[in-house]
Amino acid sequence: MLGTVIHRLESVPSTNDAARELVRSGAAHGTVVVADEQTRGRGTKGRVWHSPPGLGLYASFILRWDDPAGLGESFALLPLAAGLASAEAVLESSGVEVRLKWPNDLVRERKKLGGILTEGVLRPGAPGHAVVGIGINVNHVEADFPAGLREAATSLRLASGRPADREALLRGLCRSLDCWYNSLVRGEGEAVLGGCVERMAFSPGQRIRVTTARGETEGAYRGLGPQGRLLLDRAAGAASFSSEEIEALDWE
Ligand code: BTN
């Protein structure tokens, strides 16, 4: 069960870094690190995750598998499972409906409400581990975001008009991530993909623009494929993208 052991920290550079330290010292599967503030919160692609004290949920979950088969193919689906779990926990604890912007973002009316940073080690046929870091803007008002983020970011409080309970959100995350992680371990990646497609911010046929190191391409969103790849129908033919190759993704 996730969250049987929870390390609660007041201020920490990054809960993902603290969790990695705990992994090195042998912390068990399901251990959680949560902080009131992060002074060097990290986002994907080297970005900063703004983490002021008392306002957001900043939590990292340690997942370990010993079975030689491990998570295998499902490893690539972990960030999607975490997004799905976050959307469920947000809805359950605050009544706010969020959509998933593939691959790592939680969005509400096109504004970013949260993000996922998954870091881990997968060695074929060997035990492995991952740290799933989840950041959710909970009780921020507009002035709490840096000026450059105000247009693009939102919080549960801004979405619902009332303060939200970070503790209830954390409990919901433990439950929901536990459930979807176990689906992956049982080889039920299809269920995770189905849940993500249902909550995706864009609908089939919608125009999507993708930027990769090779340049920009556009197409109609078709769904998610094996390994959680983004499927697009383009004039030049069908294409699929992994989260690693994407630099930016926009939709109409
Ligand atoms: C993103 O959208 O770029 C991912 C943001 C992930 C932020 C969370 S907050 C808890 C954990 N600790 C970190 O330093 N980052 C993740």
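Both backbone and side-chain heavy atoms feed into the values below; hydrogens, waters and symmetry mates do not. Whatever order the structure lists them in is the order used to number ligands and atoms, beginning at 1.
Under the rule for a side chain to side chain donor-acceptor pair (under 3.5 Å), R99 has no partner lying at least two apart in sequence or in another chain. The salt bridge (charged side-chain N to carboxylate O under 4.0 Å, His left out) check on E21 picks up R24, with sequence neighbours excluded. For P13, the side-chain contact (heavy atoms from CB on, under 4.5 Å) test picks out T39, R40, with sequence neighbours left out.
Hydrophobic clustering places L173 together with V98 (ILVMFWY residues linked when any side-chain heavy atoms are closer than 4.5 Å, directly or through intermediates).
Between Y58 and H50, a ring centre-to-centre spacing not shorter than 6.0 Å is recorded.
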Tabulation required: pairs of a nitrogen or oxygen in ligand 1 and a protein nitrogen or oxygen under 3.5 Å; columns are atom names and distance to 0.1 Å; otherwise 'none'.
| unit_1 | atom_1 | unit_2 | atom_2 | d |
| --- | --- | --- | --- | --- |
| ligand 1 | 2 (O) | K112 | NZ | 2.6 |
| ligand 1 | 3 (O) | T44 | N | 2.8 |
| ligand 1 | 3 (O) | T44 | OG1 | 3.2 |
| ligand 1 | 12 (N) | T15 | OG1 | 3.1 |
| ligand 1 | 12 (N) | Q38 | OE1 | 2.9 |
| ligand 1 | 14 (O) | S14 | OG | 2.8 |
| ligand 1 | 14 (O) | Q38 | OE1 | 3.4 |
| ligand 1 | 14 (O) | R42 | N | 2.7 |
| ligand 1 | 15 (N) | R42 | O | 2.7 |

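Salt-bridge check for R175 with E92: passed, with a basic side-chain N closer than 4.0 Å to an acidic carboxylate O.
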